[in-house]
Q: 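Here it is, the structure in full.
What you see below is based on every heavy atom in this structure, not just the backbone, and it leaves out hydrogens, waters and symmetry mates. Sequence positions, counted from 1, serve as the residue numbers for this chain.
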Amino acid sequence: MALPQLNKAKAYVRKELGIIVEIKLPDYDWVKQHQFELENLERKQLQELFQITKGQIKYRRKLLKQLQQSET
């Protein structure tokens with residue numbers, strides 16, 4: 001199957017089963033609130049402090065960079 005066919009099939013199955021896909025927005029408020037920690041603490045310290053994964057830390061630091069670039 002080609003990619004467009006797969007996407008149509010997935011959409012059909014979701015519709016038939018009543019599955020709703022939620023689109024999550026980035027958590028900019030959390031990033032702004034913890035900006036100091038994201039900039040100054042090491043990854044291990046952030047993991048222990050907030051109980052989040054390495055991937056979540058990487059993602060939130062990326063969001064912080066995007067926020068800082070959009071402000072300037």
Side-chain angles (χ1 to χ4, degrees):
M1 285 182 111
L3 189 60
Q5 291 173 321
L6 285 174
N7 288 335
K8 285 181 183 179
K10 286 183 350 186
Y12 175 78
V13 170
R14 278 192 218 108
K15 181 180 175 185
E16 290 297 313
L17 296 176
I19 298 172
I20 299 171
V21 178
E22 294 180 18
I23 299 173
K24 296 185 179 183
L25 298 175
D27 196 4
Y28 290 117
D29 293 333
W30 189 94
V31 171
K32 288 178 185 176
Q33 184 178 2
H34 300 286
Q35 178 176 355
F36 179 80
E37 290 92 347
L38 287 170
E39 292 174 339
N40 296 305
L41 295 179
E42 293 183 15
R43 181 183 49 83
K44 289 270 187 195
Q45 292 171 318
L46 289 169
Q47 282 181 294
E48 292 171 5
L49 181 62
F50 298 115
Q51 300 296 309
I52 57 178
T53 64
K54 180 173 73 172
Q56 289 171 322
I57 293 168
K58 183 179 176 183
Y59 174 71
R60 290 173 184 184
R61 282 183 170 164
K62 179 182 153 191
L63 285 179
L64 180 60
K65 283 183 183 179
Q66 289 175 351
L67 277 174
Q68 290 172 340
Q69 288 176 352
S70 67
E71 289 175 355
T72 57

Q: Do I19 and V13 sit in the same hydrophobic cluster, where Ile, Leu, Val, Met, Phe, Trp and Tyr count as joined when their side-chain heavy atoms come under 4.5 Å apart?
A: yes

Q: Distance check, rounded to the nearest 0.5 Å: R14 atom CZ versus I20 atom CD1?
A: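 Between R14 CZ and I20 CD1, I get 12.0 Å after rounding to 0.5 Å.
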
Q: Rounded to the nearest 0.5 Å, what's the gap from CG on L64 to OH on Y59? Could you check?
A: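 Output value for this atom pair is 12.5 Å.
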
Q: Roughly how far apart are I52 CD1 and L46 CG, rounded to 0.5 Å?
A: 6.5 Å

Q: Judged by modelled atom types alone, do Q47 and R43 share a side-chain donor-acceptor pair under 3.5 Å?
A: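 Yes, side-chain donor-acceptor contact under 3.5 Å.
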
Q: Contact between N7 and L3 at the side-chain level, heavy atoms closer than 4.5 Å - yes or no?
A: yes

Q: Can you find a heavy atom in the side chain of L38 that is under 4.5 Å from one in the side chain of W30?
A: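 Yes. Closest side-chain heavy atoms under 4.5 Å.
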
Q: Are more than 12 heavy atoms from other residues, nucleotides or ligands located less than 6.0 Å from atom CD of E39?
A: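 Yes, CD of E39 has more than 12 neighbouring heavy atoms, counting only those of other groups under 6.0 Å.
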
Q: After noting the C-alpha distance and the side-chain angles of Q56 and F50, does the key distance pass the side chain to side chain contact (heavy atoms under 4.5 Å, CB included) rule?
A: CA-CA 10 Å; Q56 289 171 322; F50 298 115; over 6 Å; no

Q: Between atom CZ of R60 and atom NZ of K62, what is the distance when rounded to the nearest 0.5 Å?
A: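 One finds 13.5 Å between CZ of R60 and NZ of K62.
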
Q: CD1/I57 to CD/E42 distance, rounded to the nearest 0.5 angstrom?
A: 11.0 Å

Q: What's the spacing between K54 NZ and K44 NZ if we round to 0.5 Å?
A: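 One gets 8.5 Å once the value is rounded to the nearest 0.5 Å.
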
